[in-house]
Participant: 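Next up is a structure, given as structure tokens.
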Protein chains: 2
Amino acid sequence: MTGAAARRAAKPTTPRQRSTRQLEAIYRTLCESRDHPTAEQLYHAVRACVPAVSRGTVYRNLAKLVGAGRVRIVHVHDRCARYDARTGPHDHFLCLGCTMLLDVESTDGRRERTRTRIRGHRVEGHVLTYLGTCRPCAAARP
Amino acid sequence: MTGAAARRAAKPTTPRQRSTRQLEAIYRTLCESRDHPTAEQLYHAVRACVPAVSRGTVYRNLAKLVGAGRVRIVHVHDRCARYDARTGPHDHFLCLGCTMLLDVESTDGRRERTRTRIRGHRVEGHVLTYLGTCRPCAAARP
DNA sequence: ATATATGCAAAAGTTTTGCATCGCT
DNA sequence: AGCGATGCAAAACTTTTGCATATAT
């Protein structure tokens, strides 16, 4: 088989994803942020680098990044989704006062061996979020 | 102190909550449902008993019930909140294929003694949701 | 009697989408 | 060149809110 034939045969049905300025700016901005921004916050932050970016593009690219496993969504007791570029296994702490969201290491080694089956349904993962009051909020309202 | 004076002094700042046909219908409907309905689903279900009920009333009463601890919200990888009238401690299983949501007993006794402090922030509770594929969805897409 | 709850409809906020154009590959 | 991505704006959805009226206590 020639090199050209191999190349042709190798990627026949590959739905290729393009790398664009916008996609990389969104991903980079998310990587650099510590506070699990919402799509709206990310939209504003990205405008610093790519002033003409649109909300639609931010949402579309976030969906792509999530689909590719490069980004994960954190759903909290809030109206909007928040994003996290740390894809390794970890949990979260959410302050119910100010919605601050913190990454938390899974301290319990047991957490690793999560159940693989629940009443016959296949378990593929889990999300664990601690809820509470952060120090500043506790100080403000004792 | 007279009886009347005592009564007046006894509940000076009590913000009393009234029991209405709508509130009870919403709560009863939620108690009877096994599938963690959304506000919209509840709205339609309640209309069977109280045909003139409005969405606003459903949302307002759900908020009251949550505030009173009679109902809890489950936030999943979905756009809308889902409600649960089982307030005892338990976890959930969410099917990523069809969004079916299942109550799951907390099997691990250790889960009870949840951490009380994370990096100085007070922890008051936690939510744990298993993610996976339910049997029907797994059968449909192997 | 009066404060609270309701119904209606409009508003607010988040996310999705249609379409013409742009820009990777 | 061709297909995927973008920007814009409108639409779709979920949830909240203002106000006049109804209702529980």
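Letters A, B, ... mirror the listed sequences (proteins, then strands); counts begin at 1.
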Participant: Let me know the distance between CG of A:Leu65 and P of D:dA5, rounded to the nearest Å.
Facilitator: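 Distance, rounded to whole Å: 12 Å.
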Participant: Any side-chain heavy-atom pair from B:Leu94 and B:Met100 closer than 4.5 angstrom?
Facilitator: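 No, their side chains stay 4.5 Å or more apart.
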Participant: Taking A:His75 for the side chain and B:His75 for the main chain, is one N or O donor matched with an acceptor at less than 3.5 Å?
Facilitator: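 Not confirmed, A:His75 side chain does not pair with B:His75 backbone.
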Participant: Strictly by modelled atom types, are A:Asp91 and B:His126 linked by a side-chain donor-acceptor pair under 3.5 Å?
Facilitator: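 Looking only at side-chain atoms, B:His126 and A:Asp91 do not form any donor-acceptor pair under 3.5 Å.
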Participant: Sugar-phosphate means primed atoms, P, OP1 and OP2; the rest is base. With that split, encode nucleotides 9-17 of chain D 5' to 3' as B, S or - using protein heavy atoms under 4.0 Å.
Facilitator: ----SSBBB
Participant: Hey, are B:Arg86 and B:Glu32 close enough for a salt bridge, meaning a charged N less than 4.0 Å from a carboxylate O?
Facilitator: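 Salt bridge: no.
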Participant: Indicate the ring-plane relationship of B:His36 and B:His92, choosing parallel, tilted or perpendicular according to the 30° and 60° boundaries.
Facilitator: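 Perpendicular, since the angle between the ring planes exceeds 60°.
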Participant: Send over the distance from A:Gln41 CD to C:dT15 P, rounded to a whole Å.
Facilitator: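 For the pair A:Gln41 CD and C:dT15 P, the rounded distance is 11 Å.
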Participant: Enumerate donor-acceptor pairs with a distance under 3.5 Å from any side-chain N or O in residues 61-73 of chain B to protein atoms, sequence neighbours excluded.
Facilitator:
unit_1: B:Asn61; atom_1: ND2; unit_2: B:Thr57; atom_2: O; d: 3.3
unit_1: B:Arg72; atom_1: NH1; unit_2: B:His90; atom_2: O; d: 3.4
unit_1: B:Arg72; atom_1: NH2; unit_2: B:His90; atom_2: O; d: 3.3

Participant: Treating Ile, Leu, Val, Met, Phe, Trp and Tyr as nodes and any side-chain heavy-atom pair under 4.5 angstrom as an edge, say whether B:Leu128 and B:Val74 lie in one connected cluster.
Facilitator: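 In one cluster with B:Leu128: B:Val74, no.
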Participant: Can you give me the bend angle of the helix from C:dA1-D:dT25 to C:dT25-D:dA1? Use the axis through the first five pairs and the one through the last five, nearest 10 degrees.
Facilitator: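 Between the axes fitted at each end of the helix from C:dA1-D:dT25 to C:dT25-D:dA1 lies an angle of 40°.
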Participant: Roughly, in whole Å, what's the span from CG in A:Leu23 to P in C:dT25?
Facilitator: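 That distance rounds to 11 Å.
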Participant: Give a yes/no on whether any side-chain N or O of A:Lys64 is located under 4.0 angstrom from OP1 or OP2 of D:dA5.
Facilitator: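 Yes, because at least one side-chain N or O of A:Lys64 sits under 4.0 Å from OP1 or OP2 of D:dA5.
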Participant: Do B:Val58 and B:Ile26 have side chains that get closer than 4.5 Å, going by heavy atoms?
Facilitator: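 Result yes, sub-4.5 Å side-chain heavy-atom pair found.
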Participant: In the structure I gave you, are the side-chain heavy atoms of B:Leu96 and A:Glu124 within less than 4.5 Å of one another anywhere?
Facilitator: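 With C-beta onward as the side chain, the pair touches.
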Participant: Can I get a per-line list of side-chain donor-acceptor pairs under 3.5 Å for residues 41-48 of chain A, giving both atom names and the distance, sequence neighbours left out?
Facilitator:
unit_1: A:Gln41; atom_1: OE1; unit_2: A:Thr38; atom_2: N; d: 2.8
unit_1: A:Tyr43; atom_1: OH; unit_2: A:Arg47; atom_2: NH1; d: 2.6
unit_1: A:His44; atom_1: NE2; unit_2: A:Glu40; atom_2: OE2; d: 3.1
unit_1: A:Arg47; atom_1: NH1; unit_2: A:Val53; atom_2: O; d: 2.9

Participant: Heavy-atom distance under 4.5 Å between the side chains of B:Thr129 and B:Phe93, does that happen here?
Facilitator: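 A side-chain contact is absent here, since even the closest heavy-atom pair is not under 4.5 Å.
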Participant: Would you mind reading off the distance between A:Leu62 atom CG and D:dT6 atom P, rounded to a whole angstrom?
Facilitator: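 Result: 11 Å.
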Participant: Quick one, give me the B/S/- string for nucleotides 20-25 of chain D, reading 5' to 3', where B means a protein heavy atom under 4.0 Å from the base and S means that only happens at the primed atoms, P, OP1 or OP2.
Facilitator: ---BBS
Participant: I need the residues from residues 42-53 of chain A with at least one non-hydrogen atom less than 4.0 Å from DNA chain D; give them sorted by number, or say none.
Facilitator: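 Of all residues in residues 42-53 of chain A, the ones placing a heavy atom under 4.0 Å from DNA chain D are A:Ala52, A:Val53.
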Participant: Are the side chains of B:Cys98 and B:Pro136 in touch, meaning some heavy atoms are under 4.5 Å apart?
Facilitator: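 No, their side chains stay 4.5 Å or more apart.
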Participant: Less than 4.5 Å apart, side chain to side chain, heavy atoms only: is that true for A:Val50 and A:Arg21?
Facilitator: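 Answer yes - side chains close enough.
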Participant: Measure from CD on B:Gln22 to P on C:dT4 and round the result to the nearest Å.
Facilitator: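 After rounding, the reported distance stands at 17 Å.
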